[in-house]
Structure formats: structure tokens, C-alpha cells
2 protein chains.
Amino acid sequence: MTKADSGDRERKSDRTRRRILDAAADLLSRKGFDGTRVSEIAALAQLRVPAVYYYFDSREAILEEVVNIGDRMAVDNVRARLAALPPEATAMDRICAAYAGHLEMVLKESAYTAAAMRTLGQLPPDIRARQLEHQRETGQLWRDLIQAGVDDGEIDPGLDPRAARMFLLGAVNWATEWWNPERGSLDDILATAQRLIRNALSGPGAASPPGTAAQGAASPPGAAAQGAALSPVFSPPQL
Amino acid sequence: MTKADSGDRERKSDRTRRRILDAAADLLSRKGFDGTRVSEIAALAQLRVPAVYYYFDSREAILEEVVNIGDRMAVDNVRARLAALPPEATAMDRICAAYAGHLEMVLKESAYTAAAMRTLGQLPPDIRARQLEHQRETGQLWRDLIQAGVDDGEIDPGLDPRAARMFLLGAVNWATEWWNPERGSLDDILATAQRLIRNALSGPGAASPPGTAAQGAASPPGAAAQGAALSPVFSPPQL
DNA sequence: GTCTATACCCGGATAGAC
DNA sequence: GTCTATCCGGGTATAGAC
């Protein structure tokens with residue numbers, strides 16, 4: 001009961017810690033790094049401030065853990081969507097699935113990834129440096145995905161691959177600023193994003209390739225197209 | 001000499017005021033709304049804090065004026081680029097020129113527009129409300145541009161126009177996070193952005209339409225394509 | 001583990017001399 | 001117009017009881 005149940009159910013202490021992180025993620029995604037107050041985190045987590053300091057050494061420690069979890073959730077969901085693709089998926093199919101997986105986590109109710117993406121440029125140098133360290137692998141994943149599309153001739157050769165990759169990442173990361181679940185379902189916006197991304201990278205003169213049945217049809221809003229209807233798959237943040 | 005030279009050269013007082021705004025824009029674009037300190041603004045403007053309060057009523061008043069100027073510079077440059085197009089420009093040409101004009105201001109050394117775009121979600125409710133009021137006209141401009149493309153059949157009917165518009169706006173607004181002038185010229189990145197945007201909106205099965213000579217050629221990095229080489233045109237912020 | 005009370009510092013803003 | 005000096009509120013963090 002003391003050590004045997006480590007994999008069992010979260011102990012109360014862990015649940016409290018998680019409540020603090022959830023509250024911090026929510027605030028961080030809405031107010032930014034400097035705008036997030038420990039007192040607000042505590043209030044949202046139904047605690048007094050000193051209780052928060054029982055679990056974390058400092059305000060920055062809380063926020064750093066939030067962004068780390070947010071980054072991790074994003075890349076885990078990207079990998080899960082890639083793994084769910086059939087073997088005959090093209091390089092372009094994989095790129096679209098990856099962006100959709102990322103966007104899904106940015107827009108989820110769980111605000112960890114939104115918080116991580118929104119505070120990129122506001123992090124203190126030391127936190128930012130450690131984050132970049134962790135993201136090396138993720139950066140390589142994205143570069144490889146795009147490069148595969150280039151190698152297979154599926155990507156407009158007139159595009160600079162790095163710039164295109166970053167522009168599209170910005171497009172999905174910025175979606176928190178304007179997307180509202182009341183104006184359309186998550187699946188709809190994922191479908192639109194994928195169509196836009198496929199168009200953007202394919203370039204002119206690229207007719208619908210095999211494995212892209214949904215491309216030609218002008219699916220009306222309300223009907224989620226293609227791979228966007230995949231059930232959300234992601235790993236919960238590890239505490 | 002007291003009133004006759006109003007249009008002449010800025011008086012010293014105006015120049016000092018401008019130095020404060022320039023400093024605030026720079027800091028705001030890098031540190032965000034809550035991270036920008038009056039003491040830092042003062043230091044960057046070569047002043048002590050009380051001198052800053054001689055020109056502005058409050059910290060928020062400074063920052064609000066910065067974002068207003070930033071928004072204004074962006075839309076002014078968009079309009080200037082649209083006005084510079086030849087009469088035979090298509091709806092898609094106009095859309096690309098508009099995004100290029102916006103992106104140009106986001107990436108300019110002058111940090112006003114970058115500051116405005118980066119702090120959208122961090123503004124206090126009252127400032128945000130006034131900003132939205134000012135932006136009504138701008139929003140309509142963008143909607144009209146896209147709608148013209150839809151009406152002319154130049155835009156992929158499978159795309160939701162609003163979502164597409166916002167995704168692409170996000171792509172350009174987020175460019176501050178990753179673009180570095182040392183890795184490529186401004187004209188290059190504007191050219192890449194325009195190509196990506198044209199691809200994204202045109203959709204599959206859209207061969208290069210007339211008036212889009214540069215589309216088919218895979219211009220190597222270093223050679224700015226098409227309209228991107230337009231000399232930067234924008235109105236200076238009115239003080 | 002969680003609280004009340006408090007030390008401490010920092011940032012916004014003002015008073016008043018020059 | 002710009003300064004030195006200072007006030008004040010609020011935010012981080014800790015001490016110590018329960």
C-alpha cells in the first residue's frame with residue numbers, strides 16, 4: 001500500500017500537484033508568462049499560496065513544468081497520429097497528420113500546449129535554453145517529415161522548406177488567438193487546416209494524389225473530412 | 001516659429017515622446033505586455049522614469065499608443081501595396097500583396113506592428129475593446145479581399161474562408177518568433193510567404209493563372225520573386 | 001499538507017527642487 | 001523638461017502553528 005500501488009491510482013498528493021499544474025496551464029495560456037500570478041494559480045487550484053510552495057520551489061518552477069508538459073503532449077500526439085496512419089500513407093499525408101496532431105493539442109481544453117506555444121518568446125533565458133534542449137528531437141522530427149515530402153517530389157520546389165515549415169507551424173500555433181469552439185467543431189478546424197496545409201505545400205499543378213480522396217470534394221462545414229475525424233489520441237502529462 | 005513650423009521639423013518635445021514610444025515598442029515586442037517595465041522604457045529612451053510620466057499619464061497609456069500605431073502601420077502598408085498593384089491584378093494577386101504588406105511590417109526593424117500582433121491576447125480588457133473598435137474597418141478590408149477571391153472562383157471552395165484567412169494571418173504574425181534577418185533577406189521571406197499563401201488558397205487543380213508569371217518558376221533563394229521586390233512603402237506613425 | 005501572518009522587494013506613480 | 005527622493009500597493013516567498 002505504500003510502494004506497491006505506485007502504478008495504481010494517483011495519491012492525493014499527486015492530485016493536488018496536478019491541480020496546481022492544471023491551473024497554471026490555464027492561466028499561462030491566457031495571461032502569458034509575466035501575467036501569471038502565484039496567487040491566481042492558488043485560487044484556481046482551491047488552495048492558499050503557501051500550499052503551492054509546498055509542492056514547488058518557485059513560481060518559475062511551476063511554469064517551466066507546464067511548458068515542458070505542453071511540448072511533450074504536442075509531440076506525443078503528433079507521433080500517435082503518425083503511428084495511426086496506414087502504411088500506404090504518402091509523405092504529404094504524414095505532414096498533414098502531424099500538423100493536425102499539433103493543432104489538436106493547441107486547441108484542446110487542456111491548456112498545456114497552448115501555454116507552451118504562446119509563451120515561447122516570453123520565457124526567461126534559462127528556461128528557454130532548457131526547453132530548446134528538449135526540443136532538439138522534435139525539431140528533427142519535423143525537418144525529416146518535410147524533407148521526405150521534398151524527396152518524394154510532393155512539395156512545391158519553389159518553397160524554402162524551413163520557411164514553409166515555420167509559417168505553417170505559426171498558422172496552427174496562432175489558432176488559439178481566434179478559434180472558438182462555439183463557431184465550429186474541432187474536427188472541422190482540423191480538416192480545414194489539413195486542406196490548407198496540403199494546398200500550401202503541394203503548390204500549383206498538383207492534382208489530387210492517390211490517398212487523398214477528400215481533397216477534391218468541397219465538404220461543407222459540419223462534416224469533418226478525412227483523417228481529421230480520428231479520435232483524439234494523446235498521452236496524459238507525466239507527473 | 002511657434003505655430004508656423006507645425007509641419008516643418010519635429011520639435012524636441014515630439015522627438016523625446018517618439019523616443020519613448022520607440023523604446024516601448026521594442027520592449028513590448030520582445031517582452032510582452034506584462035513584461036514591459038516603465039524603468040526599462042526610460043532607460044532605453046535615455047531618460048529617468050519621471051520624465052516618462054511627463055509625456056504619458058500611465059504605463060498603459062504608452063503601451064496602448066504603441067499597439068494603435070502598430071495596427072495603423074500594418075493596415076497603411078497593406079493599403080499602400082494594394083494601391084501599387086496594376087489594374088489588371090487578380091483578386092488573388094491582391095490577397096497576396098495584402099499579406100505581404102502585413103508581414104513586412106511585422107518583420108520591420110520598427111517594432112510597432114510586431115508589438116501589436118504579439119500582445120493581442122495579453123491586453124487588458126479596456127485597451128483590447130478600444131483596439132477592436134479601431135480594427136473594425138481593417139477586419140472588413142480583409143474579409144472583402146478574401147470574398148473577392150471566392151467570388152472570382154480563385155479560392156478553393158473546400159476552404160472555410162474565415163478559417164483560412166485567420167490561419168494565414170497567424171502564419172505571418174508568428175513569423176517574429178523564428179525569422180532572423182541574418183538567415184535571409186526580407187524580400188526572400190515575403191516571396192516565400194506569398195507563394196505559400198497563393199498555393200494554400202488556390203487549392204489543387206489550379207494551374208498558374210495569368211498575371212502570375214513567377215508562380216511556375218522555382219526561383220532559388222537569394223532572388224526575390226515578383227511583387228516582393230516592391231520597395232517598402234508605409235506611413236510613419238502619426239504622433 | 002495546509003493554514004495565518006509576515007518579511008521583503010520591486011514596480012508604478014507622485015512631490016517638489018532645479 | 002528633467003531630475004532626486006519617496007510613497008504605496010501588490011507580488012514572491014518563508015516562518016511557524018495546526
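Each chain gets a letter, A, B and so on, in the order its sequence line appears, and its residues count up from 1. As the structure is a prediction and not an experimental result, all values here were calculated from the model.
Distance A:F56 CZ to D:dT12 C1': 16 Å, rounded to the nearest Å. Separating the CD atom of A:E60 from the P atom of D:dG11 is a distance of 17 Å, rounded to the nearest angstrom. Taking atom CD1 on B:I20 and atom P on D:dG1, their separation rounds to 12 Å, with Å as the unit. The nearest whole Å value for the distance from the CD atom in A:E40 to the C1' atom in D:dA13 is 17 Å. Distance, A:F33 CZ to D:dG11 P: 16 Å, rounded to whole Å. Taking atom CG on B:D34 and atom P on C:dC10, their separation rounds to 19 Å, with Å as the unit. For the pair A:L63 CG and D:dG11 P, the computed distance is 15 Å after rounding to whole Å. Distance, B:L27 CG to C:dG11 P: 13 Å, rounded to whole Å.
Electrostatic pairing of B:E137 and B:R79 counts as a salt bridge here, judged by a charged N lying under 4.0 Å from a carboxylate O.
The side chain of A:Y53 has D:dT12 as its nearest neighbour among D:dT12, C:dG12, C:dC3. Distance from the side chain of B:P50 is smallest for C:dA15 among the nucleotides D:dG1, D:dA13, C:dA15. The A:L47 side chain lies nearest to C:dT2 when the options are D:dG1, D:dC3, C:dT2. With D:dT4, C:dG12, C:dC3 as the choices, the nucleotide that has an atom nearest any side-chain atom of B:R59 turns out to be C:dG12. Comparing D:dT14, C:dG1, D:dT4 by their nearest atom to the side chain of A:Y54 picks out C:dG1. When distances run from any side-chain atom of A:R48 to the nucleotides C:dT4, D:dT2, C:dG1, the shortest one goes to C:dT4. Of the candidate nucleotides D:dT14, D:dT2, D:dT12, D:dT2 has the atom nearest to the side chain of B:T16. Nearest to the side chain of A:R37, among D:dG11, C:dG1, C:dT14, sits D:dG11. Listed nucleotides: D:dT2, D:dT4, C:dG1. Nearest to the side chain of A:Y55: C:dG1.
Here the options are B:T36, B:L28, B:V49, B:L47, the test is side chain to side chain contact (heavy atoms under 4.5 Å, CB included), and the partner is B:I41; only B:T36 passes.
B:S13 has a side-chain polar atom (N or O) that falls below the 4.0 Å cut-off from OP1 or OP2 of D:dG1.
For the 3.5 Å distance criterion, the side chains of B:Q131 and B:N68 fail to qualify, holding no donor opposite an acceptor.
Looking only at distances, a side-chain donor or acceptor of B:R118 sits under 3.5 Å from a matching main-chain atom of A:G121.
By the 6.0 Å contact criterion, CG on A:D57 is open, its count of non-hydrogen atoms from other residues, nucleotides or ligands being 12 or less.
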